[in-house]
Every structure is written in C-alpha cells, then in structure tokens.
Amino acid sequence: MSENYVGRFAPSPTGLLHIGSLLTAIASYLDARSHHGRWLVRMEDLDPLREMSGAASAILATLEAFALNWDGSVVYQSQRQHLYQQALARLQAANQVYRCYCSRKTVQSEARGEGIDGIVYGGRCSFLPLGWQPDSAKEPAWRLRLPAVTITFSDAIQGKQVQQLDSEVGDFVLLRADGFWAYQLAVVVDDATQGINHIVRGQDLLLSTPRQIYLQSILGLPRPYYAHVPLLTNKHGQKWSKQTCAPALDVGRREQLVRQVFSYLQVPAAPEVDNITDLLDWGVKHWQLNRIVSEPICTEQM
Ligand code: GLU
C-alpha cells in the first residue's frame with residue numbers, strides 16, 4: 001500500500017519557519033519519502049488577523065531552499081471556504097451543530113470548567129429553540145453538539161490516547177462569529193479532500209486529534225494514521241514558536257540545521273555531503289519513526 005501514502009506539511013503563515021517547524025516539516029517529509037509517498041504542502045491561511053504579511057511566500061521559499069520539494073501545487077485554505085461551508089451544511093441538516101450567540105464573557109463566566117485545551121462551554125445556546133431569533137443582527141458562531149463520546153486512538157509516537165470529548169473539550173466552534181472557519185473543521189475537510197492518509201505533525205496538536213477523529217466519523221471521512229513528533233522547547237519548557245521569539249531559519253546554515261534536526265529525530269549522523277538534497281536522501285534512507293522519542297526536546301541551539 002506504500003505507493004498510496006499521502007502526507008503533508010500544513011504551516012500557518014503567522015510567522016516565518018523556525019527550528020520547531022523545520023522539525024515537523026522534515027519528519028513528515030522523511031516519513032512520506034521513505035514510504036515512496038507523496039508529500040503535499042497546504043497553507044493554513046484562514047485567519048488574516050493572525051497572518052504576517054509575506055509569510056506564506058517566505059515559508060515556501062524556505063522549504064525550497066532546504067530542498068523540501070513538495071508534490072503538486074500548494075493548497076491555500078483561504079480559497080477553499082466553499083468546502084468548509086458544504087461540510088457545515090451537512091452538519092446543520094443533521095442537527096449536529098447549533099448557533100451560539102454567547103459573548104466571550106458569557107462563555108467564560110458560564111464555563112462548565114477547565115478543559116484539556118481551554119474552558120468547556122457551558123451549553124447555554126444548545127438549548128435555544130430552533131426558530132429563536134436574537135434581538136440584534138449579531139452573527140452567531142456555530143458549535144458542534146457533542147454527545148457523551150470517548151475517542152480512543154493509537155498515535156505512532158505518543159502511544160494510546162483516550163479523550164472523553166464532551167467533558168474534556170465540550171461543544172466546540174466550527175465557524176466563528178466573526179466569520180472565520182475554525183482550524184478543526186478545515187483541517188478535517190482538507191485532509192480528506194486531498195486524500196491525506198498519514199499525518200506527521202507536532203505534539204501540540206495531539207489533544208486536537210480526538211476532535212478531528214470525531215468530525216471525520218460524523219462526516220463519513222476516513223481516519224488517517226497519526227504520528228505526533230516531540231516539540232522543541234526552550235529551557236523554560238515552552239514550545240519554540242513566534243511567541244517565544246524563536247528566530248527565523250537562517251538558510252545560510254541549512255546543512256547544520258538539517259543535521260541538528262536529524263539528531264532530534266534519531267537519524268544517524270550523516271557523512272559529509274555535496275549538497276542539501278544528498279543530506280535529505282540520507283535521512284530518507286535512515287528514517288525510522290519508531291526510534292523517535294515521545295518527550296519534548298529542550299534546545300537553545302537555533
Ligand atoms: N497549521 C497548523 C500549525 O501551523 C498545523 C496543522 C496540522 O498540521 O494539522 O500549527
């Protein structure tokens with residue numbers, strides 16, 4: 001089945017690539033190529049308010065500079081909103097979603113409690129009668145109506161995961177009141193539409209995966225194989241990101257950076273190479289996902 005492998009790297013253009021995103025990009029690339037699979041790039045540009053101008057093209061230029069060559073054309077989520085709308089319409093028709101008019105303040109003050117990834121929505125709007133209309137012309141958010149449901153799956157790196165979705169996460173938003181699509185819905189629709197069957201991504205998304213698996217099940221979409229690679233953290237245990245001031249990748253040091261990432265991914269040290277493509281080929285040949293550790297990796301080396 002390996003010729004059917006389809007993997008992907010899905011950056012958000014909120015900033016430039018850094019060592020943490022390079023680790024995810026390289027892990028998904030090596031896993032795909034070692035299975036003779038396709039490796040796609042999808043730009044997750046759904047929230048213009050969080051975007052950094054020029055980041056999308058800078059990210060693609062950096063991937064090219066690192067010889068992380070993708071298959072096909074880059075997909076931009078901003079151009080696929082009709083697909084998310086279709087998925088929402090199906091859930092609306094099946095009464096699996098409801099309109100939510102709660103302000104952020106109400107959501108906070110009426111929370112059912114602290115969940116695993118933010119607070120658990122108290123459910124006020126789940127009780128609104130079907131034809132109910134608000135006093136103002138305020139647009140609602142759309143939330144998923146969750147039954148009592150436990151999601152269990154096996155992650156190739158992090159092992160068995162169990163999440164009681166309704167109590168640990170609660171009814172989550174699919175379309176925000178400001179009109180922007182939520183990541184959880186878009187990612188599920190796109191992974192399925194693009195035929196992606198292997199998802200190798202950062203551990204920070206492990207807790208989101210049960211939400212995505214549940215959405216796949218109610219939309220009748222296949223469940224991909226999941227592998228969540230360890231996060232790179234600073235000495236305070238915080239994930240390297242734009243917020244923790246991770247420096248942008250220095251393309252001039254790309255060989256050193258790729259070697260560094262290989263060491264985090266337990267790829268044996270490569271001999272001297274003529275170019276970055278040969279270095280990546282070494283990684284493909286020596287890739288063994290089952291050697292990767294599950295714990296976060298602390299580094300101050302950028
Ligand atoms: N766009 C997400 C990010 O940059 C990744 C989404 C995913 O891999 O599912 O963190």
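A quick note: this is a predicted structure, and the numbers were derived from the prediction, not measured. Remember, it's 1-based here, ligands and their atoms both numbered in the order they're listed.
- Shown in contact with L205 at under 4.0 Å from a heavy atom are these atoms of ligand 1, numbered in order with element: 5 (C), 6 (C), 7 (C), 8 (O), 9 (O).
- Checked against a 6.0 Å centroid threshold, the rings of W132 and F127 do not count as neighbours.
- Contact annotation for T24 and ligand 1: no heavy atom of the residue comes within less than 4.0 Å of the ligand.
- For atom 6 (C) of ligand 1, the closest heavy atom belonging to the protein is E44 OE1, 3.2 Å.
- Salt bridge annotation for R211-D117: present, with a cationic side-chain nitrogen under 4.0 angstrom from a carboxylate oxygen.
- For R143 and Y121, the positive end sits near the middle of the six-membered ring, less than 6.0 Å away and at most 45° from its axis.
- For ligand 1, the atoms closer than 4.0 angstrom to any heavy atom of V187 are 9 (O).
- Ion pairing of R145 with D171 is absent here, as no side-chain N (NZ or NE/NH1/NH2) approaches a carboxylate O to less than 4.0 Å.
- Residue-to-ligand polar distances place A10 within reach of ligand 1: an N/O pair is separated by less than 3.5 Å.
- The shortest N or O to N or O distance between D204 and ligand 1 is not below 3.5 Å.
- Near R201, the atoms of ligand 1 lying under 4.0 angstrom from a non-hydrogen atom of the residue are 7 (C), 8 (O), 9 (O).
- Nearest to atom 3 (C) of ligand 1 among the protein's heavy atoms is S12 OG, 3.6 Å.
- Using a 4.0 Å cutoff on heavy atoms, R8 counts as a contact of ligand 1.
- Between Q77 and E44, the side chains place a donor N or O and an acceptor N or O closer than 3.5 Å (distance only, hydrogens not considered).
- Residue Y183 places a heavy atom under 4.0 Å from ligand 1.
- Between the side chains of Y183 and D47, not a single donor N or O lies within less than 3.5 Å of an accepting N or O.
- For the 3.5 Å distance criterion, the side chains of W240 and T233 fail to qualify, holding no donor opposite an acceptor.
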